[in-house]
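Every number for a ligand or one of its atoms is a count from 1 in the order of the listing. No hydrogens, no waters, no symmetry mates; every other heavy atom, side chains included, goes into these values.
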Amino acid sequence: MTFKKRTVRDLDPKGKRVLVRVDFNVPLDKGAVADDTRIRAALPTIRLLQARGGALALVSHLGRPKGRDAKLSLAPVAKRLGELLGREVPLMPDAVGQEIARRVRALEPGDLVLLENVRFHREEEENDPAFARALATGFDAYVNDAFGTAHRAHASTEGIARILPAYAGLLLEKELTALGGILEHPAKPFLAIIGGAKVSTKMDVLRSLVPRVDALAIGGGMANTFLLAAGHGVGRSLVEPEKETEARRVTDEVEGNGKTLLIPVDVVCAPSPDEDGAAAAGVFGVDDVPSGQAIVDVGPRTLERYAGVIGRAKTIFWNGPLGVFEVPAFANGTRRVAELLASSGAVTVVGGGESVQAVEEAGLAEKMTHVSTGGGASLELIEGKTLPGVAAIPDR
Ligand code: ADP
Ligand code: MG
C-alpha cells in the first residue's frame, strides 16, 4: 500500500517543539512496566525526531482513570523509556496548564520529556476543543504514533491534529502499511485464521475478509457456532445460537465461491474450560462432543488440516486464539498455529489483543512479518473502518 499521509519524514523538526502522541498504555505489575513492547515500538520515531534536532514532549494515556489517579501515573513508563534510551526522561506533573506550557517553551533541541497521563482530564476522551488547544500550547508540530489509540477520536489523537500541523509517526505508518497491504493487495493464496471467543465480536472482520480471502480457517470459541450451524452438537461449550444464521451465511459465501473453509474436525473437550477441567480433557471428533463437556481447543487432525493450508498460503492474517490458551493444557492449538506461521514463508500478519499476547508468550513475534501493537485498532482497520486518528492527518 502506498501510504498517502504526511509522515515524520516530511517534517523538518529542527528548532521546533514537537508534541508526539504515543500509545504507552502498557500493562503494569507492582509499579513497574510488565511488557514494554509498545514503548520499544515508539523508539524509531522518537530517535528520528531527536536526531534531526527536534525538542520533544510525548503524550499518552494509561488505563481508564476517573480523574487524577496516582496508580495510573506514567512514572513507571518514564523510567522504562529512560532505560531504553540510556538517558533520563523527565515526567511532567500534568499534560496541560501554565506550568507545563512554560516548561515546553524552555525545551531545547534534542530534549525529551513525557507529559503525565492525558486521561487524568475527562476532556481528553470528550475530544474537547479547548482542551486540545491547551495541549497544543507551546508546540510547533504534532506527530501521531499511537496506532493502538487511532480508532478513538480523542483530543490528543484527533482534535489536536486540527490545531497543529500533523504528521504520522513511523509506527503508525508501519501498521497501516502492513494491515492495509493485506486488505488491498495480498499475495495469493490469502488465508485468514480467525479464532477468539465469540462470533458476534468478529462478524465485521469476517464480512470484510470473506470476499478477499482464498481460504478461511475458523477456530476458538467462535468455531462452536459454526459447528452448530453445520449440525454438530457442542455440549456445554461457549456458543451463540442466535448467530447460527450468520455462521451459515459465511459458510455458504466461502464455499459457494469455491473457496476453502476449515472448521474443526476434532476438538479438545473438558468438563470445564479452566484448570479444574484440564486433568479430564480429551480429544473427540466433532460428531462425538460429550453433552456435559465444553470445547476448549482444536484437535490434532484439525491442526494437520491447518498446516496444509498454511503451507500453501502466500499471505496469512491471524486473529484470535484457537482455544482457551490461558490454560496451558488448552493452549496447544494456539501455540501450534503460532509455530506454523513463524516457520512459513508467507507474509504473516497477526492482530488482536489475545492473539498477539499468545505470539509474544511463545517468543515468536520476531518471526512474523508484522505483529500489530493495536488490538481494537487493528481489527477496526481490517473491518475497513476509517480510524479518526489517521483521518485527521493531512495527505502528503
Ligand atoms: P483477540 O483479542 O486476539 O481478538 P478475542 O478477544 O476474540 O481474541 O478472544 C480471546 C479469548 O477467546 C481468549 O480469552 C480465549 O480464552 C477465548 N477462547 C478461545 N477459544 C475458546 C473456546 N473454545 N471456548 C471459550 N473461550 C475461548
Ligand atoms: Mg481480545
Side-chain angles (χ1 to χ4, degrees), residues 25 27 35 37-38 148 151 179 192-206 208-209 217-228 232-241 243 247 263-278 281-284 286 289-290 292-299 302-303 306 316-338 341 348-362 364-365 368 370-383 385:
N25 184 31
D35 178 353
T37 308
R38 282 184 163 179
H151 58 317
L179 293 162
I193 305 169
I194 308 294
K198 291 178 165 187
V199 184
S200 48
T201 63
K202 299 291 162 73
M203 224 50 242
D204 289 340
V205 170
L206 289 176
S208 170
L209 285 175
I218 304 277
M222 62 179 275
N224 301 339
T225 304
F226 281 78
L227 290 171
L228 197 67
H232 303 285
V234 296
R236 291 170 58 192
S237 305
L238 173 70
V239 67
E240 295 168 285
K243 292 288 170 218
I263 62 171
V265 290
D266 60 346
V267 287
V268 177
C269 296
S272 64
D274 50 24
E275 283 292 348
D276 297 340
V283 174
F284 297 87
V286 288
V289 172
Q293 297 202 14
I295 298 172
V296 291
D297 199 1
V298 290
T302 302
L303 285 168
Y306 283 2
I316 305 168
F317 174 70
W318 177 27
N319 164 259
L322 286 315
V324 184
F325 78 109
E326 294 89 345
V327 180
F330 310 148
N332 185 54
T334 302
R335 193 177 340 102
R336 183 80 189 115
V337 164
L341 259 60
T348 48
V349 178
V350 188
E354 271 85 11
S355 0
V356 166
Q357 187 194 329
V359 167
E360 272 160 7
E361 279 170 11
L364 294 171
M368 307 295 175
H370 184 72
V371 177
S372 180
T373 58
S378 61
L379 291 189
E380 288 200 17
L381 199 66
I382 293 295
E383 288 165 12
K385 293 195 179 126

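Here the heavy atom of the protein found nearest to atom 12 (O) of ligand 1 is A197 N, 3.1 Å. Remark: minimum distance from atom 2 (O) of ligand 1 to any protein heavy atom is reached at E354 OE1, 2.5 Å. Nearest protein heavy-atom contact of atom 13 (C) of ligand 1 is E326 OE2, 3.2 Å. Protein heavy atom closest to atom 21 (C) of ligand 1, with residue, atom name and distance, is G221 N, 3.2 Å. Here the heavy atom of the protein found nearest to atom 19 (C) of ligand 1 is G323 O, 3.1 Å. Scanning the protein for heavy atoms near atom 27 (C) of ligand 1, the closest one is V324 CG2, 3.7 Å. The protein non-hydrogen atom at the shortest distance from atom 5 (P) of ligand 1 is K202 NZ, 3.7 Å.
Side chain of N319 to main chain of I194: no donor-acceptor pair is present (N/O by atom type, distance under 3.5 Å, no hydrogens or angles). For the pair S208 (side chain) and V205 (backbone), a donor-acceptor distance under 3.5 Å is absent. Side-chain N or O atoms of D266 include none that pairs as donor or acceptor with a backbone N or O of V283 at under 3.5 Å.
Shown here are the side chain to side chain donor-acceptor pair (under 3.5 Å) partners of H232, two or more places apart in sequence or in another chain: D287.
V298 approaches G333 most closely through the heavy-atom pair CG2-CA, 3.8 Å. Across every non-hydrogen atom of F317 and G351, the tightest pair is CE1-N, 3.9 Å. Here the closest heavy-atom approach between residue P273 and residue V327 is recorded as O-CG2, 4.0 Å.
In this structure, G375 does not count as a contact residue of ligand 1, since none of its heavy atoms falls inside 4.0 Å of the ligand.
Below 4.0 Å from some heavy atom of N319 lie the following atoms of ligand 1, by number and element: 1 (P), 3 (O), 4 (O). For ligand 1, the atoms lying closer than 4.0 Å to a non-hydrogen atom of S355 are 1 (P), 3 (O). Taking a cut-off of under 4.0 Å to the non-hydrogen atoms of G320, the atoms of ligand 1 that pass are 3 (O), 8 (O). Counting the atoms of ligand 1 from 1 in the order shown, those under 4.0 Å from a heavy atom of I295 are 22 (C), 23 (N), 24 (N).
Protein N/O/S atoms closer than 2.8 Å to the Mg ion (ligand 2), listed by chain and residue number, are E354 OE1.
Counting only non-hydrogen atoms, the option in G353, G352, P321 that gets closest to atom 8 (O) of ligand 1 is P321.
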